[in-house]
Amino acid sequence: MAFRATPGRTPPVPGPGVPSASFPSPQPPMAGPGGIEEEDEEEPAEIHLCVLWSSGYLGIAYYDTSDSTIHFMPDAPDHESLKLLQRVLDEINPQSVVTSAKQDEAMTRFLGKLGPEISKQRLLSGNYSFISESMTATEKILFLSSIIPFDCVLTVRALGGLLKFLSRRRIGVELEDYSVGVPILGFKKFVLTHLVSIDQDTYSVLQIFKSESHPSVYKIASGLKEGLSLFGYGLLGQPRRLILKRMKLSHTKVSDWQVLYKTVYSALGLRDACRSLPQSIQLFQDIAQEFSDDLHHIASLIGKVVNFEESLAENRFTVLPNIDPEIDAKKRRLMGLPSFLTEVAQKELENLDSRIPSCSVIYIPLIGFLLSIPRLPFMVEASDFEIEGLDFMDKLHYRSARTKELDALLGDLHCEIRDQETLLMYQLQCQVLARASVLTRVLDLASRLDVLLALASAARDYGYSRPHYSPCTRGVRIKNGRHPLMELCARTFVPNSTDCGGDQGRVKVITGPNSSGKSIYLKQVGLITFMALVGSFVPAEEAEIGVIDAIFTRIHSCESISLGLSTFMIDLNQVAKAVNNATEHSLVLIDEFGKGTNSVRRKMVDGLALLAAVLRHWLALGPSCPHIFVATNFLSLVQLQLLPQGPLVQYLTMETCEDGNDLVFFYQLCQGVASASHASHTAAQAGLPDPLIARGKEVSDLIRSGKPIKPMNELLRRNQVENCQALVDKFLKLDLEDPTLDLDIFISQEVLPAATTIL
């Protein structure tokens, strides 16, 4: 680990044997009036940052001595230029930065020791004052999992590295006993200002990105594919990456050279096209200027050197003729070998035993030239394979004086050609990598253009409108918004409007029957907000987006055995993230929270109580309450008046109409509260038998009325008849004339046990 002082801080003054670090320089005591020394001022707060970067993602954690709190930022994408890291340094101005001291393979192996599991155990084994000592190990894991995103590997590694650094440096407790640890009073999520915070769960449930296992049996264990999402459906750009990393490691494949060649030539065509477009657009101007002649040089080199047709046939790098005279001469020799070896074989046959009918001279790479003869009937024992004048190699191949002469004269042609072509490939790679900065910039600009073209194409094809961003607007206003993915999959889609601006209706409680469109509406609001924030047109007639600093969701439980958490615990973690981090500018989407704890024996179910408690917590914030959309089937939330009345709460429902025994969905949001969940209608649509649905409605009515639930008389009677019939059948099968028959045993083992189910 290396330590670095940032500008504006006191430079490090290491002592003998002390590792380089940052220390505040000693200040002389200030003398007050009359020569009396004033009390020392408080030491300035220090920030110690730990950062890890890998595969284009950045993990950050830092410790702030002013409040003894560790802050972390979940894994975030960052380019090789580390612009995001620079923003972090500019914003928090750390006293020291803990990171890798080298960028070679040795440091990579060293960082590998600081793996996520070791860091996770270091986090879980720490003693924190904000965690009760009475907590068990399991309870501690559950508590920390609601704060720290353990699925963000780089962040966990950064936290582990920071804790190790703090324990070694003993920040703030240098003079205390060694048993006294560095005080850590909490973990807080760190978000850069003017950036919107969205976690991986939100990306997944809103279907912005959605990875799925590949359906091919050959790729299930090797990779994932993009499912139904904005990214997978082409509503967001999908930039391609060049193969520069493989070139640096000399792992370039033939297909990589093809992709590079086509990409460079396409970039040249893109440059020419942008030069004919208005240069007032900055992106066109950048592409026209920065797509330099280096691209033409790279494309020309690859086109003149690489023999793509032969390379694909042999599955290795090969060069075109007239590149290297020595390689061309060796290839001509290799191509003329068949006829030449036939002549050599004929001369060898003249000197062989007359019992040998034929022979051939073959060439095997790395072994050389060998004389091959067929196996003869008399060749049984090992000594039978010995032939005078020939060196025995195996049962069919020999080395003669002529083959030895061929080895000395021609050598191992095949391997020599491959070695020389590999050397040329290395030289070509060096030429390409020398212009890697140009290629990287080309990729960056082409990716931006690709994203903008994808957004523009989607806006044109699907009738999107331009949103308006207003810093003065509080919340989101959407007129006739549509779900961008659902409208592509459904025959018809009913648009709905949204207005969560100002202090009116900041908490919207949405009720309605199952399958009425509540979840789709929540996702629609989140997706339109996200698309507007990334600069896309949106599926709505009009949209006005105010200041949004984060989007939190509790819509779908990402269940996994590896997490070791129950479904409801995962739900609680997602809600806890929103409760602990949401501000007045945050958008919170909650769908069916609390349904995993229903208990028919309690008048107030736990899930309902938790949902009401969370909403009341936010409502108590008044105008600082986040913008909250809650879809629920807990009608008791309204019936029991668990939420305070006021302008902050607005009740909405999905409009329906009963037509006889059928329920017609209009998928239209309106003011009001649903009268029932109509679960029986949904069950009928799912194909459940009518008797089961009728019984379900009967039990539901009994629960509402507080009456005891009794078994069905008809079902009980049918069971009694079946049991009686079974007992009669067994009795009729008895042979009463059999002297060995014991009726007492039959009565005790068959009749008496059956009597309890019959009577």
- Message: Under the criterion side chain to side chain contact (heavy atoms under 4.5 Å, CB included), I'd like the reasoning laid out for L312 against Q258: C-alpha separation, chi angles, the key distance, then a yes or no.
- Response: CA-CA 10 Å; L312 291 173; Q258 273 193 317; 3.5 Å; yes

- Can you tell me if CD on E405 sees more than 12 non-hydrogen neighbours from other groups inside 6.0 Å? no

- Message: Main chain of Q200, side chain of S204: is a donor-acceptor contact present, judged purely on distance under 3.5 Å?
- Response: no

- Message: Could you measure the distance from the OH atom of Y63 to the CD1 atom of I70? Nearest 0.5 Å is fine.
- Response: 7.5 Å

- Message: Under a 4.0 Å threshold between the charged nitrogen and the carboxylate oxygen, would K347 count as salt-bridged to E343?
- Response: no

- Message: Using every non-hydrogen atom in the two residues, find where I208 and S229 come nearest and quote the distance to one decimal.
- Response: O-CB, 3.5 Å

- Query: Would you call the rings of H71 and Y62 parallel, tilted or perpendicular, where under 30° means parallel and over 60° means perpendicular?
  - Reply: parallel

- Item | Smallest separation among heavy atoms of T403 and L370, with atom names | CG2-C, 4.0 Å

- Item | Approximate separation, where rounding is to 0.5 Å, of L163 CG and C50 SG | 9.0 Å

- Task: Over all heavy atoms of both residues, which pair between Q279 and F284 is shortest? Give the atoms and the distance, please.
- Result: OE1-O, 4.0 Å

- Query: Is there a side-chain contact between V442 and L270 (heavy atoms, below 4.5 Å)?
  - Reply: no

- Query: How close do Q429 and W257 get, heavy atom to heavy atom, and via which atoms?
  - Reply: CG-CZ2, 3.6 Å

- For A288, does its backbone N or O pair with a side-chain atom of R275 as donor and acceptor, under 3.5 Å? yes

- Any chance you could lay out the side chain to side chain contact (heavy atoms under 4.5 Å, CB included) test for H297 and L301, step after step, and finish with the verdict? CA-CA 6 Å; H297 179 71; L301 276 178; 3.4 Å; yes

- For P77 and L84, which heavy atoms make the closest approach, and how far apart are they? O-CD2, 3.8 Å

- Neighbour count >12 (heavy atoms, 6.0 Å) for atom CG, D419: yes

- Item | Salt-bridge present (R441, D444; N to O < 4.0 Å) | yes

- Message: I want to check something: taking the side chain as every heavy atom from C-beta on, are C274 and F291 in contact at a cut-off of under 4.5 Å?
- Response: no

- Verdict with reasoning, R87 to E91, per salt bridge (charged side-chain N to carboxylate O under 4.0 Å, His left out): CA-CA 6 Å; R87 288 192 59 179; E91 183 162 324; 5.3 Å; no

- In Å, rounded to the nearest 0.5 Å, how long is the span from OG of S145 to CG of L123? 12.0 Å

- Message: When you measure from the side chain of S311 to the backbone of F317, do you find a donor-acceptor pair of N or O atoms at a distance under 3.5 Å?
- Response: no

- Query: Side chain of D328, backbone of N322: donor and acceptor closer than 3.5 Å?
  - Reply: yes

- Message: For a 4.5 angstrom cut-off between non-hydrogen side-chain atoms, does I148 reach L159?
- Response: yes

- Message: Side chains of L154 and L58, heavy atoms from C-beta outward: is any pair under 4.5 Å?
- Response: no

- Say you draw a straight line from CD1 of I362 to OG of S372; how long is it, rounded to the nearest 0.5 Å? 5.0 Å

- Item | Candidate pair Q289 and Q285, rule side chain to side chain contact (heavy atoms under 4.5 Å, CB included), full reasoning | CA-CA 6 Å; Q289 293 178 354; Q285 182 180 349; 3.4 Å; yes

- Query: If every non-hydrogen atom of P357 is compared with every non-hydrogen atom of L349, which pair is closest and at what distance?
  - Reply: O-CD2, 3.9 Å

- Does NE2 in H296 sit with more than 12 non-hydrogen atoms of other residues, nucleotides or ligands closer than 6.0 Å? no

- Can you tell me how far CG of L445 sits from CD of E290, rounded to the nearest 0.5 angstrom? 5.5 Å

- Item | L423 side chain reached by Q420 side chain, heavy atoms, under 4.5 Å | no

- Item | N-O pairing of D293 and R435 below 4.0 Å | no

- Item | Parallel, tilted or perpendicular: rings of F530 and Y203 (30°, 60°) | perpendicular

- Between CG on residue L320 and CG on residue N307, distance to nearest 0.5 Å: 4.5 Å

- Message: When you compare the side chain of V88 with that of F190, does any pair of heavy atoms fall below 4.5 Å?
- Response: yes

- Query: Would a 4.5 Å heavy-atom cut-off, applied to side chains only, mark L439 and V432 as touching?
  - Reply: yes

- Query: Does some side-chain heavy atom of V319 sit less than 4.5 Å from a side-chain heavy atom of V306?
  - Reply: no

- Under 3.5 Å, is there a donor-acceptor pair between the side chain of T202 and the main chain of I198? no

- Query: Distance-only, no hydrogens or angles: does the D450 side chain make a donor-acceptor pair with backbone N or O of S447 under 3.5 Å?
  - Reply: no

- Query: Ion pair present between E421 and R316, side-chain N to carboxylate O less than 4.0 angstrom?
  - Reply: yes

- Item | Donor-acceptor contact below 3.5 Å, side chain S197 vs main chain V191 | no

- Task: Using modelled atom types only, decide if a donor and an acceptor are shared between the side chain of S457 and the backbone of L453 within a distance under 3.5 Å.
- Result: no

- Message: Applying side chain to side chain contact (heavy atoms under 4.5 Å, CB included) to L424 and I323, what does each step give before you reach the verdict?
- Response: CA-CA 9 Å; L424 285 176; I323 299 299; 4.1 Å; yes

